[in-house]
2 protein chains.
Amino acid sequence: MKQNGPIETGCMHCNVRLNSVFNVLDEEQTKELCAHKSCAVYKKGQYVFTENGLPAGLFCINSGKIKLTTTGYDGKEQILRLVKSGDIVGYRALLSNERYHCSAVTLEDASICIIDKKYFFDAIESSPKLMFEVVKKMSNDLKAADAHIVSLSQKNVRERMAEALLFLKATYGFESDNQTINVSLSREEIADYVGTSTESCIRLLSEFNNDQLISLKGKKISIVNLQKLIQTANIED
Amino acid sequence: MKQNGPIETGCMHCNVRLNSVFNVLDEEQTKELCAHKSCAVYKKGQYVFTENGLPAGLFCINSGKIKLTTTGYDGKEQILRLVKSGDIVGYRALLSNERYHCSAVTLEDASICIIDKKYFFDAIESSPKLMFEVVKKMSNDLKAADAHIVSLSQKNVRERMAEALLFLKATYGFESDNQTINVSLSREEIADYVGTSTESCIRLLSEFNNDQLISLKGKKISIVNLQKLIQTANIED
DNA sequence: GGCGTTATATGATATAAATCATATAATTTA
DNA sequence: TAAATTATATGATTTATATCATATAACGCC
């Protein structure tokens, strides 16, 4: 349980343009931005920020994967969102001048930079384009959260589990074999996203494995029969 | 099932400052805003906008109550949010230039104005203050959606039902008797928010009634024992 | 490299909540 | 105002899923 802080690194290797919302900045604005951010390397399992903390700036994921979690009742963890490289995190609390309502934890070693709060506000006030990019990001998160609500409300655990696997694939894509989902989550973490018990999660993955929908190798999950998995998830369209 | 459109009215009786986000505008900006909006009266049960539709502008609730719903699986309705007078609706799709992902339906007769899309974008680009107000609104909605996710994921139906009653009270307040929740929802609508069956919803309300947590009179629900209801909801702090 | 700890797996059991069924009350509308 | 429809109520039954229990596998550590 050693929890050392991130290791500060220079920004020379960090291409901030990786981060989608900053695509809209021109050469000069990007240079300016780089002068107001600092990069750091995080080890797997480290906290980027924690529930109830005050935002010091905006975090950009240069590489690595992040989970946004909140502590529910009886300390049970709930995974709210999963974040990939190129994304920003912690923008909500920052923009609305609030404390974080969830924590950000690295799922693997990650390179993350933090953009100075004051500078970020200057940047979005002077660049409506950038502001709109961030707003679009929040809009997407809200739409996804609403979809999650409908799913939790109306689908059974089996359907949600299939849906979660499709979501993981949509978020992180496949590995080079074109069928292994490119993220390693524990069964408990998957359960914490799906909203079920760890046992039920394990059991359903085993079933899907037996039914040849997926194949399992440690934490790695491969989608063997996408069509059947979509059917199991009971997705419209 | 007759679904007539709203009745257009003048804006002379509509105080746009009612709408919280517009508080930040000065006298002149408000005047300008009023020149670019039009008010209308909606009857109970009418659609303000519908899922998949394209936003024509921003809606402001001058009076009345609104539910934001989305159609889930097998056509089952999910209530995502409840909106009261003074609030804006439809801002998400508008800001991110998307179609609506949910519908807005009046829960009672309502007076609602629509602010022209083009003008609204001009307004937020020229007034960062206004933009931040809207962003804060979205931030709150996202935080609330996240809380809803945790609740659906981790609480049982009884706890969620108690929580829902507290949420209704927090949103719409009490009537003059200081204990009757100031909104009329059908049992089915409450179920569609809580994420349960109508029968279970009815049953639990009956139980709460028997246990003297609430009292029922038609669609009107009064909170008789707030402390016990909070306990039943299993809320932290 | 063996030992303790944690993660995964699977069976057995309990139970919350959905579903089905039927009755009554409250609205709507003819 | 009566008939029809819809909403509320409550009982009986089924079922999905949590919980408890135990075993094995994988992993971190001295």
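For clarity, every value in this text was computed on a predicted model and none was experimentally measured.
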Atom-to-atom span, [atom1] of [X] to [atom2] of [N] - whole angstrom:
X: A:Asn156; N: C:dA18; atom1: CG; atom2: P; answer: 12 Å
X: B:Leu204; N: C:dA17; atom1: CG; atom2: C1'; answer: 9 Å
X: B:Met161; N: C:dA17; atom1: CE; atom2: P; answer: 10 Å
X: A:Glu77; N: C:dA7; atom1: CD; atom2: P; answer: 12 Å
X: A:Arg203; N: D:dC20; atom1: CZ; atom2: P; answer: 14 Å
X: B:Lys217; N: C:dA26; atom1: NZ; atom2: C1'; answer: 15 Å
X: B:Asn210; N: D:dG11; atom1: CG; atom2: P; answer: 10 Å

Q. Ignoring hydrogens and angles, are the base of C:dT15 and the side chain of B:Arg158 linked by a donor-acceptor pair under 3.5 Å?
A.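 Answer no: no donor N or O sits under 3.5 Å from an acceptor.
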Q. With no hydrogens and no angle check, is any side-chain donor or acceptor of A:Asp192 less than 3.5 Å from a backbone partner on A:Ile79?
A.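 Absent.
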**Q.** Ring-face cation of B:Lys65 near B:Tyr172 (centre distance under 6.0 Å, axis angle within 45°)
**A.**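 Verdict for B:Tyr172: a cation-pi partner in B:Lys65.
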Q: Test salt bridge (Lys or Arg N to Asp or Glu O under 4.0 Å) on B:Lys219 and B:Glu189 and set out the steps.
A: CA-CA 11 Å; B:Lys219 294 200 195 315; B:Glu189 283 173 320; over 6 Å; no
(Q) Assess, by modelled atom type and distance only, whether the side chains of B:Gln46 and B:Thr106 contain a donor and an acceptor separated by less than 3.5 Å. (A)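 Not at all, the side chains of B:Gln46 and B:Thr106 share no donor-acceptor pair under 3.5 Å.
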Q) From D:dT17, D:dT19, C:dA18, pick the nucleotide closest to the side chain of A:Val157? A)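 Output: D:dT17.
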**Q.** Short side-chain N/O contact to C:dA18 OP1/OP2 from B:Ser200, under 4.0 Å
**A.**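 Answer yes for this pair, as a side-chain N or O of B:Ser200 is under 4.0 Å from OP1 or OP2.
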Short N/O separations, protein against nucleotides 7-9 of chain D, under 3.5 angstrom:
| unit_1 | atom_1 | unit_2 | atom_2 | d |
| --- | --- | --- | --- | --- |
| D:dA7 | O3' | B:Lys219 | NZ | 3.3 |
| D:dT8 | OP1 | B:Lys219 | NZ | 2.9 |
| D:dT8 | OP2 | B:Arg187 | N | 3.1 |
| D:dA9 | OP2 | B:Arg187 | NE | 3.0 |
| D:dA9 | OP2 | B:Arg187 | NH2 | 3.3 |

Q: Check whether any side-chain heavy atom of B:Glu199 lies under 4.5 Å from a side-chain heavy atom of B:Ile202, and answer yes or no.
A: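 Side chain of B:Glu199 against side chain of B:Ile202, heavy atoms only: no contact under 4.5 Å found.
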Q) Is the centre of the A:Tyr193 ring less than 6.0 Å from the centre of the A:Phe167 ring? A)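 Yes: the rings meet the under 6.0 Å criterion.
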